[in-house]
Amino acid sequence: MADKRVRRPAQYELLMNKIATNKEGKQVFSSLKDCLVFAAALGFKNGKRESFSNSSEQIQLQIFSGEHDIIFINSLAIQETGDTSMLNDSKLDEKILIFEEYACGGLSILENKLALDPEKEIVTMIYSEISERSLVDDITNM
């Protein structure tokens with residue numbers, strides 16, 4: 001698992017850098033990894049999964065070691081395939097591919113929605129999601 005990497009779609013490199021690594025301190029996400037996780041969730045919510053062949057610098061899978069990152073990747077794969085065997089380590093490449101393609105779809109959505117002020121637009125989108133009943137509400141109300 002240590003040598004596995006997650007690809008970033010090259011066509012969205014400028015967008016990702018603008019919202020995740022802004023040197024002026026106006027970034028919305030604290031890392032490119034967090035930007036990809038958000039984009040994958042957005043892509044999945046909107047049913048937008050896009051394959052891509054050109055990748056920017058890849059992110060080591062071990063960077064996705066936060067409390068929820070791997071759980072999210074596993075849940076996304078199970079939801080996409082309907083197959084709980086996706087939890088097996090033997091399915092890691094397939095899980096990563098599903099995550100990458102939903103992230104690409106989500107970045108496509110972001111690119112289309114973010115016009116003049118991407119930071120403001122993303123914060124507005126996040127607030128909109130929080131204000132609606134969501135999966136997080138369902139989980140926390142159990």
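We use all heavy atoms of the structure for the numbers below, so side chains are in, but hydrogens, waters and symmetry mates are not.
In summary, of the residues considered (Asp3, Asp69, Ile96), a side-chain contact (heavy atoms from CB on, under 4.5 Å) with Leu61 occurs for Ile96 alone. With respect to Glu101, the side-chain hydrogen bond (donor to acceptor under 3.5 Å, both in side chains) criterion is satisfied by exactly one of Arg49, Lys48, Arg7: Arg49.
One hydrophobic cluster, built from ILVMFWY side chains closer than 4.5 Å, cannot hold both Phe52 and Leu110; they sit in different ones. With hydrophobic clusters built from ILVMFWY side chains whose heavy atoms lie under 4.5 angstrom apart, Phe29 shares a cluster with Leu32. In the hydrophobic clustering of this structure, Leu107 groups with Ile63; members are Ile, Leu, Val, Met, Phe, Trp, Tyr whose side-chain heavy atoms approach within less than 4.5 Å, directly or through other members. Note: the hydrophobic cluster containing Leu97 does not contain Ile78 (ILVMFWY, side chain heavy atoms under 4.5 Å, direct or indirect links). Cluster membership for Met16 and Ile109, using ILVMFWY side-chain heavy atoms within less than 4.5 angstrom, is shared.
Annotation: side chain of Glu100 is not in contact with side chain of Leu36 (no heavy-atom distance under 4.5 Å).
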Candidate pair Ser108 and Tyr12, rule side-chain contact (heavy atoms from CB on, under 4.5 Å), full reasoning: CA-CA 8 Å; Ser108 172; Tyr12 301 114; 3.2 Å; yes
Verdict with supporting geometry, Cys35 and Ile19, side-chain contact (heavy atoms from CB on, under 4.5 Å): CA-CA 8 Å; Cys35 181; Ile19 61 178; 3.6 Å; yes
Steps toward side-chain contact (heavy atoms from CB on, under 4.5 Å) verdict (Val37, Ile73): CA-CA 9 Å; Val37 171; Ile73 292 170; over 6 Å; no
Lys95 vs Asn74, side-chain contact (heavy atoms from CB on, under 4.5 Å): CA-CA, chis, key distance, verdict: CA-CA 7 Å; Lys95 288 188 285 194; Asn74 285 331; 2.8 Å; yes
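In plain terms, the two heavy atoms of Ser55 and Gln58 that are nearest each other are OG-CG, 3.7 Å. Closest non-hydrogen pair, Ser30 versus Asp34, comes out as OG-OD2, 2.9 Å.
By the 6.0 Å contact criterion, CG on Leu87 is enclosed, its count of non-hydrogen atoms from other residues, nucleotides or ligands being greater than 12.
In summary, the side chains of Ser85 and Asp83 do present a donor paired with an acceptor at a separation below 3.5 Å, with no hydrogens or angles considered. Side-chain contact annotation: Glu80 with Tyr102, donor-acceptor N/O pair under 3.5 Å present.
In this structure, Ser56 OG and Asn17 CG are separated by 8.0 Å, a value rounded to the nearest 0.5 Å. Gln62 contributes atom CD, which lies 13.5 Å from atom NZ of Lys4 (distance to the nearest 0.5 angstrom). A distance of 9.0 Å separates OG1 in Thr81 from CD in Gln79, rounded to the nearest 0.5 Å.
A salt bridge between Glu13 and Arg8 is present, with a side-chain N of the basic residue lying under 4.0 Å from a carboxylate O of the acidic one.
Side-chain atoms of Ser75 come within 3.5 Å of backbone N or O of Ile71 as a donor-acceptor pair.
For Phe64 and Phe72, the gap between ring centers reaches or exceeds 6.0 Å.
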